[in-house]
Amino acid sequence: MHSEPAQPLAGPPPPLLAHNGAPNFGAWAGRMPSVDWHPLRLPRRPGWFDLHLRHKRWQYIALAHPDVFVGIATVDLGWAAHGFAYAFLRGPRQLLSIARDGLPGAASVGDPLANANARLPGLRIDMRLAGDAINVAVRSRDIELDASLDLRTMPAPACIVAPANLLAHCTHKTGAIAATGELLAGKRKLDLNGCHASIDHSDGLLAHKTRWNWASAHADGLGFNLQAGYMGDAENVVWLGGMPYKLGPVEFDYRAADPLAPWRIHSSCGNTRLSFQPEGLHRGNKNFGIVASRFVQAIGCFSGHIGVPGVARVDLSGLLGVTEDHASRW
């Protein structure tokens with residue numbers, strides 16, 4: 001007996017909350033216009049502590065180019081603000097990076113796949129929706145970026161609502177988006193025309209202790225977002241032919257003490273079997289007692305295969321992307 005081939009995620013997403021105030025958990029293709037947890041009633045009504053201290057929002061944009069990989073994030077932690085930008089120059093294997101913290105209100109994250117900004121000491125980030133584009137600007141001492149993401153080239157994004165590790169979390173992940181722009185990294189100026197961008201917008205009510213492993217890479221007609229941690233397998237998605245398909249759980253095999261060693265990512269069914277060779281690291285480690293953050297984001301290339309049973313399996317070689325090991329008390 002043969003099972004029916006898997007179908008791509010259906011869309012558009014329903015409203016964030018049902019009429020009874022419970023989250024509409026699931027995965028869809030498309031963009032939710034807005035995320036508002038104030039009317040949440042089930043499993044319980046969020047209190048002041050939830051909405052002001054446990055409410056986490058971020059928007060992360062990656063730009064993958066044969067010569068450079070760029071990562072930018074604006075993070076609203078509720079009780080604090082955070083932002084970072086880095087440029088990894090692949091030829092000399094040189095990382096230029098900046099990360100800054102600030103008071104509440106210094107970073108803001110708006111509707112999914114739209115506006116986000118940060119005004120932090122020595123770092124300014126602007127992600128601004130303008131018609132069919134998201135324009136990105138970064139200003140710091142070592143990194144200056146002006147880029148434009150053409151949303152007309154964006155495959156259907158994946159919208160996922162899941163319980164996560166406390167009440168509920170909504171995340172939007174995109175496949176490859178055509179981007180243009182210019183980057184000044186140190187004294188080196190690069191033309192980014194022809195690069196591929198991807199976006200991660202996340203908004204949820206999360207537990208004080210949150211941990212995850214993550215992998216992401218994108219190219220024309222292909223991309224994936226894989227995670228093990230606080231979201232379980234809820235946000236595991238592969239884009240094939242421009243359409244997002246849900247994947248099952250995956251395992252990350254890596255050396256936490258030596259993140260430049262090869263990583264392995266695989267599913268129990270064998271349909272996902274990836275190796276990842278890091279080329280460089282963007283990392284941070286802060287410990288203030290009750291709050292702390294430790295993360296390593298490795299930049300490098302994926303090889304192996306990934307696919308959807310009954311649909312397609314794609315062999316990969318040298319696909320530029322990132323993996324991450326992240327643990328926070330936030």
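From a predicted model like this one, the values you see are computed outputs, not experimental measurements.
- Applying the side chain to side chain donor-acceptor pair (under 3.5 Å) test to every pair with at least one member in residues 125-154, sequence neighbours left out, gives these pairs: R119-D126, R124-D126, D126-R128, N135-S148, R139-D146, D150-R152.
- Distance CH2/W212 to CE/M231: 11.0 Å, rounded to 0.5 Å.
- The shortest side-chain heavy-atom distance between L167 and W37 does not fall under the 4.5 Å cut-off.
- Under the 4.5 Å side-chain criterion, counting only non-hydrogen atoms from C-beta, Q297 is in contact with Y60.
- With sequence neighbours left out, W28 forms a ring pair (Phe, Tyr, Trp, His ring centres under 6.0 Å) with no residue at all.
- A distance-only check finds no donor-acceptor pair linking the side chain of H82 to the backbone of A73 [under 3.5 Å].
- In this structure R90 satisfies the salt bridge (charged side-chain N to carboxylate O under 4.0 Å, His left out) test together with E279, sequence neighbours excluded.
- Distance alone, capped at 3.5 Å, is enough to place a donor-acceptor pair between the R329 side chain and the G289 backbone.
- With values rounded to the nearest 0.5 angstrom, L120 atom CG is found 7.0 Å from I125 atom CD1.
- The side-chain hydrogen bond (donor to acceptor under 3.5 Å, both in side chains) test applied to K286 returns D101, not counting sequence neighbours.
- Counting only N and O atoms by type, the side chains of H55 and D203 include a donor and acceptor under 3.5 Å apart.
- In this structure, L95 and L281 have side chains that are not in contact, with every pair of non-hydrogen atoms separated by 4.5 Å or more.
- Within the 3.5 Å criterion, the main-chain N or O of S34 finds no donor-acceptor partner in the side chain of D111.
- Put simply, the side chain of Y254 does not reach to within 4.5 Å of the side chain of P259, judged on heavy atoms.
- Between the K187 side chain and the L184 main chain, no donor and acceptor come within less than 3.5 Å of each other.
- Under the rule for a ring pair (Phe, Tyr, Trp, His ring centres under 6.0 Å), H201 has no partner lying at least two apart in sequence or in another chain.
- Sorted by first then second residue, the salt bridge (Lys or Arg N to Asp or Glu O under 4.0 Å) pairs that include residues 241-256, not counting sequence neighbours, are R255-D258.
- The shortest side-chain heavy-atom distance between M32 and P12 does not fall under the 4.5 Å cut-off.
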